[in-house]
Asks: 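Let me give you the structure first, and then I'll get to my questions.
Everything numeric in this text was worked out from a predicted model, so none of it was measured. In what follows, chains are A, B, ... by sequence order, proteins preceding strands, each numbered from 1.
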Amino acid sequence: MLDHSGSPSALHNPVLTWYDANKRVLPWREPGAGAWAVMVSEFMLQQTPVNRVLPAYQRWLERWPTPADLAAEAPGEAVRAWDRLGYPRRALRLHAAAQAIVDRHGGEVPDDHAALLALPGVGTYTAAAIASFAFGQRHAVVDTNVRRVLARSLTGVAQPTISPTVADQRLAVSALPTDETTAARWAVASMELGALICTARTPNCADCPIRSDCAWVLAGSPPYDGPPRRGQTYEGTDRQARGRLLAVLRAATTPVPKSTLDTTWPHARQRERALDGLVADGLVEPLANARYRLPG
DNA sequence: AACTCGTGGTA
DNA sequence: TTACCAAGAGT
């Protein structure tokens with residue numbers, strides 16, 4: 001089943017060929033995109049779909065073509081430019097990462113996995129993704145797409161575990177081609193397969209290049225039988241309240257009186273908790289006279 | 001280890 | 001309509 005010799009296996013070859021013929025044209029995949037472009041895209045793509053990322057990504061790189069350009073700005077400008085991508089702490093971390101790159105790496109995105117991992121907002125997945133996509137290195141790039149592809153094709157189950165496990169990581173490492181160039185191609189190709197064909201809800205197995213070798217298909221495509229996946233409720237949550245508050249501050253060009261913020265959420269206790277949280281996270285800066293703004 | 005953290009599209 | 005889902009990280 002798995003091939004440890006370094007030559008592409010029955011799994012690898014079809015996926016690599018499929019990728020070359022079916023990959024999406026995305027700006028961060030263009031030959032001259034560079035590591036900063038890859039890094040910006042990876043931050044934005046954390047839990048956010050490609051189609052929503054594209055416009056914000058274009059504006060971001062136009063405004064801040066290098067880490068130094070972003071590092072020279074106020075963090076609040078990063079939060080504002082983040083627009084409605086969600087999880088705005090990512091904008092703050094990307095700004096902090098840009099500063100760290102200027103301070104520690106001469107303004108160049110490091111190519112070393114450990115150095116990448118040490119940057120704010122860069123975890124296991126993002127460090128491997130940048131090292132692989134931008135620098136062609138051999139790393140197991142394990143995101144939700146890859147976990148699903150491996151769960152189906154190798155383990156034979158409909159869905160991966162709810163949260164990543166060490167077993168996922170081991171499986172991804174064992175499936176990684178030995179050759180560096182092939183490994184980098186496999187990383188992006190297996191992820192793209194999960195995004196376009198081996199999707200979460202209704203996979204398009206008819207068009208899958210490895211359907212004849214897929215353990216899940218061979219088992220008769222059994223339905224998911226694990227524990228119920230906890231739904232992410234949003235209506236009425238602190239997150240929604242935070243989103244409302246931050247939307248007002250993003251749109252404002254001058255400091256906003258608290259009385260204005262008070263109109264954005266009806267429940268005072270929750271509203272105060274949300275505002276305090278935003279300040280604690282560094283997303284909002286309190287000023288004198290009960291006024292607030294994005295961090296300067 | 002479980003929980004928190006946005007937003008919007010899709011079936 | 002409700003529920004699920006989307007290139008995770010930090011605590």
Side-chain angles (χ1 to χ4, degrees), chain A residues 23-24 26-29 37-57 79 82-94 96-97 116-134 139-149 158-166 168-169 172 187-196 198-204 224 226-250 265 270 273-274 276-278 280-284:
Chain A
K23 65 183 176 186
R24 290 168 291 181
L26 298 172
W28 47 87
R29 287 180 181 166
V38 171
M39 180 169 163
V40 170
S41 76
E42 290 304 332
F43 269 72
M44 291 185 170
L45 288 164
Q46 290 168 4
Q47 301 285 283
T48 303
V50 167
N51 286 338
R52 201 180 319 159
V53 162
L54 283 168
Y57 166 89
V79 175
W82 200 252
D83 197 31
R84 302 185 70 80
L85 290 180
Y87 293 146
R89 291 188 295 193
R90 291 181 292 166
L92 232 37
R93 291 177 185 144
L94 182 51
L116 288 165
L117 198 53
L119 296 172
V122 177
T124 306
Y125 161 77
T126 302
I130 295 171
S132 180
F133 301 161
H139 295 282
V141 183
V142 186
D143 76 326
T144 186
N145 289 304
V146 170
R147 295 204 312 122
R148 189 172 54 248
V149 168
Q159 301 288 349
T161 54
I162 294 175
S163 49
T165 65
V166 292
D168 294 332
Q169 196 69 28
V188 68
S190 57
M191 189 176 309
E192 189 79 336
L193 185 68
L196 298 183
C198 194
T199 55
R201 293 185 194 176
T202 53
N204 183 10
Y224 175 72
R229 311 199 151 218
R230 181 127 72 5
Q232 311 165 312
T233 54
Y234 181 59
E235 197 68 26
T237 60
D238 284 13
R239 286 150 84 169
Q240 187 181 31
R242 287 166 57 108
R244 291 268 186 87
L245 292 167
L246 209 55
V248 171
L249 291 164
R250 272 199 310 264
W265 195 259
Q270 188 176 34
R273 185 169 63 237
D276 288 348
L278 288 169
D281 288 344
L283 285 162
V284 171

Asks: Does the side chain of A:V149 reach to within under 4.5 Å of the side chain of A:M191, using non-hydrogen atoms?
Replies: no
Asks: In whole Å, measure the gap between the P atoms of C:dA7 and B:dT4 for me.
Replies: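 It works out to 23 Å between them.
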Asks: Taking C:dT11 as the reference, what is the distance to B:dG6 when you measure between their P atoms (whole Å, please)?
Replies: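 My reading of the P atoms in B:dG6 and C:dT11 gives 14 Å.
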Asks: Can a donor-acceptor pair be found between the side chains of A:Q46 and A:Y125 at a distance below 3.5 Å?
Replies: no
Asks: Which is true for A:G86 with a 4.0 Å heavy-atom rule: it touches a base, it touches only sugar-phosphate, or it touches nothing?
Replies: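 Result for A:G86 = base.
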Asks: Would you kindly compare A:G121 and A:D143 by the position of their nearest DNA chain C nucleotide and give the one closer to the 5′ end?
Replies: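 Mapping each residue to its closest nucleotide by heavy atoms, the 5'-most match is A:D143.
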Asks: Can you tell me the distance, in whole Å, between the CG atom of A:N145 and the P atom of C:dA6?
Replies: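 Interatomic distance, CG of A:N145 to P of C:dA6: 7 Å.
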Asks: Check whether any side-chain nitrogen or oxygen of A:R250 sits under 4.0 Å from OP1 or OP2 of B:dT7, and answer yes or no.
Replies: yes
Asks: Starting from P on C:dG8, measure out to CD on A:Q169 and report it in whole angstrom.
Replies: 14 Å
Asks: Given C:dC5, C:dG8, B:dG8, identify the nucleotide with an atom nearest to the side chain of A:R229.
Replies: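 So the nucleotide nearest the side chain must be C:dC5.
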Asks: Return whichever of A:T124 or A:P49 has its heavy-atom-nearest nucleotide of DNA chain C closer to the 5' end.
Replies: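 The 5'-side residue here is A:P49.
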Asks: So, OP1 or OP2 of B:dT7: does either fall under 4.0 Å of a side-chain N or O from A:Y234?
Replies: yes
Asks: Just the rounded figure in Å: distance from C1' of C:dG10 to CZ of A:F43.
Replies: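 So the CZ-C1' distance, A:F43 to C:dG10, works out to 12 Å.
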Asks: Output the distance between atom CG (A:N145) and atom CG (A:L196), rounded to the nearest 0.5 Å.
Replies: 8.5 Å
Asks: Judged by modelled atom types alone, do A:R147 and A:T161 share a side-chain donor-acceptor pair under 3.5 Å?
Replies: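 A:T161 and A:R147 do have a side-chain donor-acceptor pair below 3.5 Å.
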Asks: Are any of the side-chain heavy atoms of A:M44 and A:R52 separated by less than 4.5 Å?
Replies: no
Asks: Please give, in whole Å, the distance from C:dA9 P to A:L94 CG?
Replies: 13 Å
Asks: Need one value for A:L117: base, sugar-phosphate or nothing, where a base atom within 4.0 Å counts as base even if backbone is also close, heavy atoms only.
Replies: nothing
Asks: Within the 4.0 Å heavy-atom criterion, would you say A:T126 contacts the bases, only the backbone, or no part of the nucleic acid?
Replies: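 Result for A:T126 = sugar-phosphate.
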Asks: Measure distances between side-chain N and O atoms of A:T48 and base N and O atoms of B:dG6, and say whether any donor-acceptor pair falls under 3.5 Å.
Replies: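 Side chain to base: pair present.
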Asks: Looking at A:R148, I'd like to know whether one of its side-chain N or O atoms comes within less than 4.0 Å of OP1 or OP2 on C:dA6.
Replies: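 So the side-chain polar atoms of A:R148 do come within 4.0 Å of the phosphate oxygens OP1 or OP2 of C:dA6, strictly under.
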Asks: Examine C:dA7: is either OP1 or OP2 under 4.0 Å from a nitrogen or oxygen in the side chain of A:Q46? Give yes or no.
Replies: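 No, no such contact exists.
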Asks: If you measure only the distance, is there a donor-acceptor pair under 3.5 Å linking the side chains of A:Y87 and A:R239?
Replies: yes
Asks: Side-chain N or O of A:R239 versus OP1/OP2 of B:dT7: is the shortest distance under 4.0 Å?
Replies: no
Asks: What contact category does A:V122 fall into here, base, sugar-phosphate, or nothing, at under 4.0 angstrom with non-hydrogen atoms?
Replies: sugar-phosphate
Asks: With no hydrogens and no angle check, do the side chains of A:R242 and A:T237 hold a donor and an acceptor under 3.5 Å apart?
Replies: no
Asks: Atom CG of A:D281 and atom C1' of B:dT4: how far apart are they, to the nearest Å?
Replies: 10 Å
Asks: So A:P88, base contact, sugar-phosphate only, or nothing? Heavy-atom distance under 4.0 Å.
Replies: sugar-phosphate
Asks: In whole angstrom, give the distance that lies between atom CZ of A:R242 and atom P of B:dT7.
Replies: 10 Å
Asks: Mind checking if A:A129 touches a base, just sugar-phosphate, or nothing, with heavy atoms under 4.0 Å?
Replies: nothing
Asks: Counting only side-chain nitrogens and oxygens, does A:R52 get under 4.0 Å of the OP1 or OP2 atom of B:dT7?
Replies: no
Asks: Rounded to whole angstrom units, what separation is found between the CG atom of A:L45 and the P atom of C:dA9?
Replies: 12 Å
Asks: What is the distance, to the nearest angstrom, from the CZ atom on A:R90 to the P atom on C:dG10?
Replies: 13 Å
Asks: Using a cut-off of 4.0 Å on non-hydrogen atoms, how would the nucleic acid contact of A:T202 be classed: base, sugar-phosphate, or nothing?
Replies: nothing
Asks: Heavy atoms under 4.0 Å, any strand shown: does A:W28 hit a base, just sugar-phosphate, or nothing?
Replies: base
Asks: Looking across every strand, which nucleic acid part, if any, lies under 4.0 Å from A:L246 by heavy atom: base, sugar-phosphate, or nothing?
Replies: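 The residue A:L246 makes no contact with any strand.
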Asks: Please pick, from B:dC5, B:dT7, C:dA7, the nucleotide with the shortest atom-to-atom distance to any side-chain atom of A:R84.
Replies: B:dT7
Asks: When all nucleic acid strands are considered with a 4.0 Å heavy-atom cut-off, which category describes A:R147: base, sugar-phosphate, or nothing?
Replies: nothing
